[in-house]
Amino acid sequence: MWQSARNDLIIKDGRFMSNMHITMDGNEAAASVAYRTTEAAVIYPITPASPMGEFFDDWASRGRTNIWGDVPKIVEMQSEGGAIGAAHGVLQSGALCTTATASQGLLLMIPNLYKIAGELTSFVIHVAARSVATHALSIFGDHSDVMACRQTGFAILASMNVQEAHDQAAISLAATLRSRIPFIHFFDGFRTSHELNSVAILSDDQLRTYIPQEGISAHRQRALTPDAPVLRGTAQNPDTYFQAREAINPFYDHLPNILVEEMRRFGRLTGRHYQPYEYRGHPQATRIIMLMGSGAETTSETVKVLAAQGEDVGCVIVRMYRPFVADMLINAIPVSAQKIAVLDRTKEPGSAGEPLYQDVITSLAQASMVNALPMGVMPTVIGGRYGLSSKEFTPAMVKAVLTELAKPNPKPRFTVGITDDVTHLSLPVDDNFDLPTGDSAAVFYGLGADGTVGANKNSIKIIGDLAGLHAQGYFVYDSKKSGAMTISHLRFGKEIVRAPYLIKKADFIACHAFEFLKHIDVLEKAATGGTFLLNAPMEADQVWDHLPIEIQQTLIEKQMRLFAIDAYSIARNTGMGRRINTIMQTAFFAISGILPVEQAMTAIKTAIKKTYEKRGEEVVRRNNEAVDQTLVNLHQIPLPATATSAIRQESFARTDMPEFTRRVQAVMMAGKGDLLPVSAFPVDGTWPTGTSQWEKRNIATEIPQWDTQFCIQCNKCAFVCPHAAIRAKIYDAGDLKGAPEHFKHVPYKAPDFKGMSYTLQVAPEDCTGCGLCVEVCPAKDKANPRHKAINMTLQLPIRERERDNFDFFLRIPELDRTRITRMDVKSSQFLLPLFEFSGACAGCGETPYLKLLTQLFGDRLVIANATGCSSIYGANLPTTPYSKNSDNRGPAWNNSLFEDNAEFGLGIRLGLDQHILQTRRLVTELSSVLGTALATALLNADQSSEKGIIEQRKRVADLRTALKTVKDPRADILSRMADYLVRKSVWIVGGDGWAYDIGFGGLDHVLSLPYDVNILVLDTEVYSNTGGQSSKSTPIGAVAKFAAAGKSTQKKDLGLMAMSYRHAYVASVAFGANDNHTVRVFSDAAAYPGPSLIIAYSHCIAHGYDLKFGAGQQKLAVDSGVWPLYHYDPRLIAQGKHPLQIDSSIQRADVRDYLRNETRFSMVEKMNPERFRELSEAAVRNTAERLALYTQLAGFAIPETPTVVKGDAPADARKGS
Amino acid sequence: MDLSTQYMGFNLPHPLIPGASPMVDDLDTVRRLEDAGAPMIIMHSIFEEQLVKEELYVDWTIMQGEYNSGEASGYLPTPYHFRLGPDTYLKQLQKIKQAVRVPVIASLNGHTRGGWTAYAKLLQESGADGIELNLYDLILSIGRDSADVERESLEIIRDVRGTVRLPLAVKLSPFYTSPVHFVAQAARAGAENVVIFNRFYQADIDIENLTVKRDLKLSTSDELLPRLKWTAALSGQVNCHLAITGGVHSVEDIVKCIMVGADAVQMVSALLKHGPDHLTTLRDALARWMQAHEYTSVKQMKGCMNMKRSPQPELFERGNYIEILQGWKK
């Protein structure tokens, strides 16, 4: 939004006007050039490169043209593999193409990279470099993705800051057009891709002048066309392949000079000069650091300061990594150099050194061999790793490397930035070292939903535009999707800010959420004499006494100025809800004095108008009102001489935590994970489950409160709770002994457990306050229907009471699962959830399904999870929501990749089946010593019900007891494997991005096989995790990123495709419409001995409405026929029934009523009512057609011969026992 | 047969006007209405309160996920053409203006005093040929008495009259203690035309689920009766043109409207039910009826049954009332 507004500012009539400075991030900087110099872009979302594709799509949807006057064609593909395939095609047709990606996405492109390079194709890929998943996934930046492509034949060009990302996007294009060698142009993910900084913009005229037209003509000449037919992609044999491969060499030989020439030409045109290898530092430096990416900027700035102090140090900035040009590199090194440290932002385990290090060594050694080293003798070259996954790389670390180099025998291999107490590779870092700077620095602690980041982005723009300063912004997010903390780092000064690392000393600290003070040391970075702005929900004269003593002490010690404002009150009074962004922004300008207050207010209001005017005058008016209210409500709080508070900050670590949680996870919770040494961590990424219970995030202002008087004990509230924060239990009245005074309980009403007690209990500190539970509660006070059996209540006043109640609730014994005779919504909620308190969005529509899954099968559940929202809230550190029961059993979980999850889950099934086979064989072999009765019972156990499972567990226990006395060596093996005799439930879980798009091939294949796996598609109809990009599940008429005008084609009918196999169980569920149906389908799918697919309607923040209405909207989806409920059970054929059963009534509501409730649809109506009418009519038509088709299929006459599960799965495995 | 009439400052060929309805959302339907002989097009109301709520809600839905996580800058695109507020309405107004030759009347329901005038101005700037002010306000507060409500309504009329130069109509609700007095004042405040009466969306109650049911029901001819009565009372007494809306379905309904003094009749339900061509049918039927009953012009027929023709209108009304009650007993 902010970006859109700003683009309007800088672009007149759709053109970039002149060589002006504007503030943008690295993604926009690169995309701006890439877009204007391409004819097509094929894209696919992946963090942190997604914004580049989003910019392409956004600009194209506005009709913005490239420098030749055409709107580039932007197409989203089904995967990065698809994107590069399409790019290959575009290029072969002689058109210009680009794409942007990162990490696994780039790796998916590798096969085609070889082809594109081998065919000498002019092409640039822009990469926001990101870690490749190893022991864990990481969305953050390092060079491991790019380094995995160094062998493909692509040239690799590194940019170290936002300006370079802009400039080298152009340079790499010019070079590829002239050289025919394709380029990977990369910059550091997040650190550069998401850093806002001042950029001198290349105008369209400059680009037109610069991009070599003859290169484009030559590219066109090479097009595949029947008018001048040629053939490419031949198959070659041993006689020729080798020679033909070598024929390309001269192009690589010529490339370096071409690049140098293009960099020179660029310099002449813009005044910004680049070199493939650039030296900076002391002219007679003896110690040199070599590296690429944003770390090079940090190093350059550090050696500049040190060299000015007389230290003979310098650095070589490597921009051109492939082809690696030894003589250019060596010529860049001063002849005085004696010791060189080569830093790699990647890890290549088992290698002789990381890639850049090896290339440098090789280059120097080769020169040395022919006595061509300018420095005479071979310097000492050491290699180190730094900055993996965006680990901070600071001037102090640069200093540490230089200090190491100064030693007589520096470590040949090292790491910097961590404490390695295992292999002792890390260098000691003097944390007190920092660069002197004239910049002002401000750090803001905000809540994800309060608009802090957006406001700070606006502030940077104001500072850059009006104060005549250069500004830098960088934003750190935690890993939660609800109640997340954001930390904004803003620097501004008279010069362009060159500091790609976090602020260590800030003149200004703002804390936008008072509750942070409880745990977080927000003044840690405060400079002496600095200013602290606090959003405090109380009267100004109360603020001081409400501060923890630690904060008071720091304020006094550092002689700070304290300002307080009750921003939530102002927001509430001006109709802004909990959005305090403009209020805190105004307060910042009012206090900081960067601009005269009047000018700042005007600038903020101008920014408000730009940002919000499209959303209506009232939105603008309220924001302006909030600005006006700020100044009168901002108070400076005088500091007393001494700290007096009775409140103390609390540690996350608690004595009752498990040891690992206390020692490691609690440190991470406190935001101090950087301090943990190597030895703290498991060596293979294995992490304990059941740890989210220790976070107690207290993010809800209101939580549900149970009114026993009206409760009908339906358990619907517990069922829909996305965070397992509202729970039901039945228990013997005797278990109430020792209950807290206010613990609520009533007699259980239904006959099945008559005489028992019932409690509905909220986990007050884990609830996110979404309100879904209250909305679904059917029990109303008949005298006042707005009052229900549960009602939202302020959390703070009841927090402690409910905490005690919840603790007691947890201690009450769980219901004996075998006593449940009928599994439905109500009974399912008496089962312990083994998925709790995740970081999912408040009101998430996915997690209730996962919670149910763990309630039904949690103790025997193995989950293969595709990358996406469910893998992030499912396994993003520090804590994990999957948990364990009192027997320490619970879901086992892993995430392989985005694209291969179905295959991954199948593999788990295959492995389990082999274990089962082996275990059963051992039981058979040892049956004589075990006793035939036990052996037979074990082998023939009916495990189709909970009762059967529990009986089998007892038999397994008996088996282990029996085995203790058996002397056979096989007994030990059997004892270890015996749990495989209990049926395991394998679930393959992921979102629609995975199931419909990138992972569809694998999903389709797994469905085609007969193995007993269950596939759960959490269908939000959009790529939720990366921010709402369109998937093939996106319905017609919905806006999504990459479908900004409203998707014009129908949603893919995945269920219908799966049914066509005829042996797979297929179902469509929507818990908000029919929760019992959901429970039944989950049970059926698990019991089905072949593959099953459940497509689960999951409402999502990307749908654009208040998610507390999620269940109601699900019902409307089903009632209108948009989301029919059905199950296709091949077993029914044998019973003489139709396998497809439609489980929802046909169309009881209007499709248009469903559409209008969600902004993703209604936005189209606002933009283009006629298009909305067309699309909604198509939606109505499609719905009717689909229902008609299903009805026909459901009534289709089945031939006599039943279809049964066949195939090569072992019979035993099919039974799953 | 001279069916012509004067309404909103225009000489209309006949008095049958399609009233404010969703029909104007579709340009094709608008053209069909014109083809069917509609002498003017009245757009449905632009509701200030609804627009504001929508603005705030959409803004909220977009903002709720903005910069929440490192992976997503937000969850919904913000397309370039996206603009909330009256924009869509104004664009549609312009499109209708381009599509038809007959006058296009925009309709407005404000929520704030500033809103009334600001939107009226926008409607004028966007090319409306007249404005129908929709004084549709449900007073639910114990603190606002009828005098307050009437005073505010008159202020709104005066404000808008002072802001725009276009012909003005005021659409009233059926609930005034002294409607004749109020309309006279409204006319003085600038309401050159008065529309009698708005039909309120009447919510029903779901007694099973203890919720409110919203259901839009089309009108029936029965609803015409109070409108006939009050038009009969106003006609000849107040200095403004009168239109009847709500319950006009048959040619007889139309004749009654004219006879009690309406200069124009507005129809929605009948056209929604039978389609735009129904307008032609009714117009022709009106001409036939008048011919059969030896009327030569609408002007001749207009007001022939208004209460001014009665020496003691109150008594006449009361007499009718008693008559009806007695009749029911029989």
Side-chain angles (χ1 to χ4, degrees), chain A residues 1 4 47-48 50-51 54 57-58 61-62 139 190 194 448-449 451 453-454 475 477 479-481 484 486 575 577 579 612 614-619 622 780 782 785 841 872 1022 1024-1028 1039-1041 1044-1045 1100-1102 1104-1106 1159-1160 1162-1163 1165-1170 1173, chain B residues 22 24-29 48-92 95 111-112 114-115 118-119 122 205-212 214 216:
Chain A
M1 283 35 57
S4 322
T47 307
S50 309
E54 289 174 17
D57 183 59
D58 181 40
S61 72
R62 298 176 188 210
I139 60 167
F190 281 102
H194 283 59
V453 171
F475 308 93
Y477 304 86
S479 51
K480 300 291 195 291
K481 290 173 186 289
T486 61
R579 278 243 302 283
Y612 299 116
K614 285 191 194 311
R615 304 198 199 150
E617 283 177 18
E618 183 63 14
V619 178
R622 290 186 182 204
K780 296 173 181 175
K782 295 222 182 308
C841 294
I872 298 299
V1022 79
S1024 298
N1025 191 47
T1026 46
V1039 298
K1041 289 174 186 168
C1100 175
I1101 190 169
Y1105 65 98
D1106 187 342
T1159 301
R1160 61 172 169 156
S1162 63
M1163 203 187 259
E1165 191 170 24
K1166 310 293 166 243
M1167 288 189 293
N1168 187 343
E1170 278 169 38
R1173 201 154 41 244
Chain B
V24 296
D25 286 342
D26 180 30
L27 275 188
D28 197 42
T29 308
E48 182 190 6
E49 193 181 4
Q50 193 181 335
L51 285 180
V52 166
K53 274 189 183 157
E54 189 178 80
E55 286 169 15
L56 296 174
Y57 191 70
V58 170
D59 177 57
W60 180 82
T61 61
I62 293 173
M63 292 295 282
Q64 64 170 338
E66 213 165 64
Y67 303 116
N68 250 357
S69 94
E71 300 211 60
S73 54
Y75 292 93
L76 286 163
T78 45
Y80 185 56
H81 307 290
F82 186 93
R83 185 183 282 274
L84 290 170
D87 226 40
T88 311
Y89 187 91
L90 299 177
K91 272 190 195 142
Q92 185 67 7
K95 280 187 195 160
H111 179 61
T112 58
Y119 284 102
L122 286 172
I205 288 170
D206 179 341
I207 55 173
E208 293 300 326
N209 297 307
L210 304 183
T211 54
V212 174
R214 243 169 283 173
L216 181 58

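Of the atoms belonging to A:Ser1024, it is backbone heavy atoms, and not side-chain ones, that fall under 4.5 Å from chain B. Heavy atoms closer than 4.5 Å to chain B are found in the side chain of A:Ala484, but not in its backbone. Both the backbone and the side chain of A:Ile1101 come within less than 4.5 Å of a heavy atom of chain B. Using a 4.5 Å cut-off between heavy atoms, A:Pro1169 contacts chain B through its side chain alone, with no backbone atom that close. Of the atoms belonging to A:Phe475, not a single heavy atom falls under 4.5 Å from chain B. For A:Asp1106, the parts sitting under 4.5 Å from any heavy atom of chain B are the backbone and the side chain alike. Only the side chain of A:Glu54 comes within contact range of chain B, with heavy atoms under 4.5 Å apart. With a 4.5 angstrom heavy-atom cutoff, A:Arg1160 touches chain B via backbone and side-chain atoms both.
Between A:Arg579 and B:Asp59 there is a side-chain heavy-atom pair separated by less than 4.5 Å.
A distance of 7.0 Å separates CD in A:Glu617 from CD in B:Glu55, rounded to the nearest 0.5 Å. Taken to the nearest 0.5 Å, the CD atom of A:Glu1170 stands 5.5 Å off from the CG atom of B:Leu27. In this structure, the separation between CD1 on B:Ile62 and CE on A:Met1163 is 4.0 Å, given to the nearest 0.5 Å. Atom SG in A:Cys841 sits 5.0 Å away from atom OH in B:Tyr75 (nearest 0.5 Å). In this structure, the separation between CD on B:Glu71 and CZ on A:Phe190 is 6.5 Å, given to the nearest 0.5 Å.
Heavy-atom pairs under 4.5 Å with chain B peak, among A:Ser50, A:Ala1040, A:Cys1100, at A:Ala1040. Contact count versus chain A (heavy atoms, under 4.5 Å) is highest, among B:Ala118, B:Gly65, B:Gly70, for B:Gly70.
Here the shortest heavy-atom pairing between A:Tyr1105 and B:Trp60 reads C-CZ3, 3.9 Å. Residues A:Glu618 and B:Val52 come closest through the heavy atom pair CG-CG1, 3.2 Å. Between A:Tyr477 and B:Tyr67, the shortest heavy-atom distance links the atoms CE2-O, 3.3 Å.
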Is there a side-chain contact (heavy atoms from CB on, under 4.5 Å) between A:Lys481 and B:Asn68? Walk through the geometry before answering.
CA-CA 6 Å; A:Lys481 290 173 186 289; B:Asn68 250 357; over 6 Å; no
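In this structure A:Pro785 satisfies the side chain to side chain contact (heavy atoms under 4.5 Å, CB included) test together with A:Lys780, B:Leu210, sequence neighbours excluded.
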